Amino acid sequence: MLRGDPASLAGQTIREVRRHGKFIVMDLSSGSVLTLHLGMTGKLLVNSGRTAYTRAGFQLDQGELVFEDLRTFGRIEISAALPDRVAALGPDALQVDADEFAARAKSRRSAIKPLLLNQRFLRGLGNIYADEALFGAGIHPRATASRLSVPRLRRLHDAIRQTLRQAIDAGGSSISDYVDADGVPGSFQERHQVYGRQGAPCPRCGGPIRRIVVAQRGTHFCPCCQKR
DNA sequence: CAGATCACCTGCTTGC
DNA sequence: TGCAAGCAGGTGATCT
């Protein structure tokens with residue numbers, strides 16, 4: 001959960017806070033870097049007080065920055081520079097252009113959904129938004145990436161952007177416990193078209209949404225609207 | 001090298 | 001009621 005020396009943080013100034021895919025990166029005055037990942041259930045809160053799931057606390061001039069994490073899948077790393085494995089992730093889902101996205105996908109023979117979740121292929125997309133984007137593009141989650149036409153891959157690229165933009169606007173998806181830094185839950189779960197809606201009618205064709213398992217992840221899709 | 005599988009951890013929900 | 005199994009916004013080690 002923690003890598004690096006927490007004592008080295010004492011007295012430092014946070015120069016910048018940025019996002020690298022799903023990682024939160026803080027550049028410190030010494031030039032070293034604090035890298036955090038929220039995992040499944042992590043939260044970063046300010047002056048929230050501590051609970052049984054508080055894994056770390058950072059004393060700032062403004063108060064305590066608290067890292068809560070029920071399932072302990074989150075990570076904190078203190079290092080001289082952005083860790084190699086983080087720096088080596090694929091292009092950001094919101095920054096990659098359609099041509100590059102399509103070209104990268106064309107060279108991969110894996111199923112499209114696990115490819116979208118592979119952070120070395122594309123950074124920043126998770127399980128909910130992979131399902132929602134594939135629905136938006138009308139692509140079956142088990143479709144082979146390299147066999148998808150360039151126009152369909154461009155549509156997928158567009159669907160990823162739209163899905164993420166709308167989700168960000170809605171403050172994210174709060175299924176059970178996600179909240180932002182102010183403790184406020186998101187509302188995008190109310191607009192999920194397929195995720196968590198197995199058995200419910202597809203918003204496009206009215207047929208039942210199905211849940212299958214792809215690469216060990218729960219996967220939700222419309223068998224009628226999403227084709228290989 | 002890419003892809004599949006499993007491990008990590010805790011709590012909630014479901015079904016017998 | 002009680003208990004076991006299944007499920008959950010993710011990564012990363014290890015195997016083929």
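Reminder, nothing fancy here: chain letters follow the sequence lines and each chain counts from 1. What you see is a predicted model, and the numbers here were worked out from it, not measured in a lab.
One finds no side-chain N or O of A:His37 lying less than 4.0 angstrom from the OP1 or OP2 phosphate oxygen of C:dG10. Contact check, A:Arg217 against C:dG10: a side-chain N or O comes under 4.0 Å of OP1 or OP2. Of the side-chain N and O atoms in A:Tyr53, one or more sit less than 4.0 angstrom from OP1 or OP2 of B:dG11. Of the side-chain N and O atoms in A:Arg85, one or more sit less than 4.0 angstrom from OP1 or OP2 of C:dG12. Between A:Lys22 and C:dG9 there is no side-chain N or O to OP1 or OP2 distance below 4.0 Å.
Comparing C:dT11, C:dA8, B:dG3 by their closest approach to the side chain of A:Tyr195 singles out C:dA8. Among the nucleotides B:dT10, C:dT11, B:dC6, the one closest to the side chain of A:Gln216 is B:dC6. Ranking B:dG11, C:dG9, C:dT11 by closeness to the A:Met40 side chain, first place goes to C:dG9.
Put simply, the side chain of A:His20 never gets that close to the backbone of A:Thr35: no donor and acceptor are under 3.5 Å apart. Looking only at distances, a side-chain donor or acceptor of A:Glu132 sits under 3.5 Å from a matching main-chain atom of A:Tyr195.
Relative ring orientation between A:His192 and A:Tyr129 is described as perpendicular, the plane-to-plane angle rising above 60° on a 0-90° scale split at 30° and 60°.
In this structure, the CG atom of A:Asn127 is 12 Å from the C1' atom of C:dC7, given to the nearest Å. Here the P atom of nucleotide B:dT13 and the CD1 atom of A:Ile175 are 14 Å apart, to the nearest Å. Spacing between atom CE of A:Met1 and atom P of C:dG10 amounts to 19 Å, rounded to whole angstrom units. The distance between atom CZ of A:Arg75 and atom C1' of C:dG12, rounded to the nearest whole Å, is 7 Å. Rounded to whole angstrom, the span from the CG atom of A:Leu117 across to the P atom of C:dA8 amounts to 13 Å. In this structure, A:Arg211 places its CZ atom 16 Å from P of B:dT13, rounding to the nearest Å. Summarising the geometry, the separation between CD1 on A:Ile128 and P on C:dA8 is reported as 11 Å, rounded to the nearest angstrom. Rounded to whole Å, atom C1' of C:dG12 lies 15 Å from atom CG of A:Asp84.
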For DNA chain B, just give me the dot-bracket, please: Watson-Crick or G-U, both distances below 3.5 Å, ( ) intra-strand, [ ] crossing earlier pairs, | paired with another strand, . unpaired. .|||||||.|||||||

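Under 4.0 Å is where a charged nitrogen must lie from a carboxylate oxygen, and between A:Arg50 and A:Glu64 at least one such pair does.
A search for side chain to side chain contact (heavy atoms under 4.5 Å, CB included) contacts involving A:Arg71 returns A:Met40, A:Thr41, A:Phe73, not counting sequence neighbours.
Taking the P atom of each, B:dA7 and C:dA5 are spaced 16 Å apart, rounded to whole Å. B:dT14 and C:dG9 have their P atoms separated by 16 Å, given to the nearest Å. Taking atom C1' in both C:dT11 and B:dC12, the straight-line distance is 23 Å, to the nearest Å.
Side chain A:Thr41 to base B:dG11: no donor-acceptor pair is found below 3.5 Å. For B:dA2, its base never sits under 3.5 Å from the side chain of A:Arg108 at any donor and acceptor pair.
Residues A:Pro141 and A:Gln226 share a closest heavy-atom pair of CD-NE2, 4.0 Å.
Residue contacts shown for A:Thr72 are limited to sugar-phosphate atoms, with no base heavy atom under 4.0 Å away. In this structure, A:Asn118 reaches neither bases nor backbone, as no heavy-atom distance under 4.0 Å exists between it and the strands shown.
Donor-acceptor pairing under 3.5 Å is recorded for the side chains of A:Thr51 and A:Glu68.
Base orientation of C:dG10: anti, the glycosidic angle falling outside 90° of 0.
Judged by the 6.0 Å and 45° rule, A:Arg75 forms no cation-pi pair with A:Phe23.
The aromatic ring of A:Phe73 sits over the base of B:dC8, with ring centres less than 5.5 Å apart and planes tilted by under 30°.
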Go through the steps to decide whether A:Arg19 and A:Asp92 satisfy the test salt bridge (Lys or Arg N to Asp or Glu O under 4.0 Å), and finish with yes or no. CA-CA 10 Å; A:Arg19 180 184 69 79; A:Asp92 191 276; 3.0 Å; yes

